[in-house]
Amino acid sequence: METILYLIMAILIIYNIKLSLQLTKVRQANVRSVDSLGPEETKILADYAIEKRKWQILGNVLFSLALVCAFIGTTIETSFFVTLYVVTMIAVNQSRIRVNKLLQLDN
């Protein structure tokens with residue numbers, strides 16, 4: 001069981017690194033200013049910000065639990081919470097990519 005969890009964690013970490021590299025490429029593109037967005041795009045942007053904030057809060061809680069488990073728990077508990085933390089960071093990175101794609105000049 002532990003091996004499966006470690007394998008899943010490794011795959012998710014690799015996917016998160018891939019998303020981070022993709023985010024870096026998307027951020028290098030020219031973007032519009034927030035002032036030039038229409039009302040519909042502004043609402044979408046606000047929804048993305050709310051979604052990202054929720055995932056960040058959940059990620060902070062899970063990371064804190066992973067730290068607690070690192071000191072008083074077992075290795076499997078720690079890796080479980082780290083895996084969940086990585087999932088939340090994937091959601092945050094996907095939200096950031098969507099925001100940057102919305103702000104690109106090529107729309």
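Note that this is a predicted model, so its numbers are computed, not measured.
Taking every heavy atom of both residues into account, Leu102 and Glu41 meet most closely at CD2-O, 3.8 Å. Of all non-hydrogen atoms in Asn93 and Ser20, the two that sit nearest each other are ND2-OG, 3.3 Å. What you find for Glu2 and Ile76 is that their closest heavy atoms are CG-CD1, 3.2 Å. Minimum heavy-atom separation, Ser79 to Leu5: OG-CD2, 3.1 Å. Closest of all the heavy-atom pairs between Gly59 and Met89 is CA-CE, 4.4 Å.
Residues Phe63 and Phe81 share a hydrophobic cluster, clusters being chains of Ile/Leu/Val/Met/Phe/Trp/Tyr side chains in contact below 4.5 Å. The hydrophobic cluster containing Ile90 also contains Ile13, counting ILVMFWY residues as joined when their side-chain heavy atoms lie under 4.5 angstrom apart, directly or transitively. There is a path of hydrophobic side-chain contacts, each under 4.5 Å, that joins Ile8 to Val82. Hydrophobic clustering, with ILVMFWY side chains joined whenever heavy atoms are under 4.5 angstrom apart, groups Val87 together with Tyr15.
Between atom CG of residue Leu58 and atom CZ of residue Arg53 there is a gap of 12.0 Å, rounded to the nearest 0.5 Å. Leu62 contributes atom CG, which lies 11.5 Å from atom CG of Leu67 (distance to the nearest 0.5 angstrom). Taking OG1 of Thr78 as the start and CE of Met9 as the end, the distance is 9.5 Å to the nearest 0.5 Å. How far CD of Gln94 is from CH2 of Trp55: 9.0 Å, rounded to the nearest 0.5 Å. Taking CG from Asn16 and CD1 from Ile11, the interatomic distance works out to 13.5 Å, rounded to the nearest 0.5 Å. To the nearest 0.5 Å, the span separating CD1 on Ile17 from CG on Leu12 amounts to 11.0 Å.
In this structure, the side chain of Ser95 does not engage the main chain of Ala91 through any donor-acceptor pair within 3.5 Å.
No side-chain heavy atom of Cys69 sits under 4.5 Å from any side-chain heavy atom of Thr74. Side-chain contact between Arg27 and Leu23: present, with at least one pair of heavy atoms (C-beta onward) separated by less than 4.5 Å. Contact of the Val92 side chain with the Arg96 side chain is registered, since non-hydrogen atoms from C-beta on lie closer than 4.5 Å.
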For this session: Go through the steps for Arg98 and Glu51 under the test side-chain contact (heavy atoms from CB on, under 4.5 Å), then give the verdict.
Result: CA-CA 11 Å; Arg98 286 193 307 261; Glu51 175 188 347; 2.9 Å; yes
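Within 6.0 Å of CD1 on Ile4 lie no more than 12 heavy atoms contributed by other residues, nucleotides or ligands. In this structure, Phe80 places its CZ atom where only 12 or fewer heavy-atom neighbours from other residues, nucleotides or ligands lie under 6.0 Å away.
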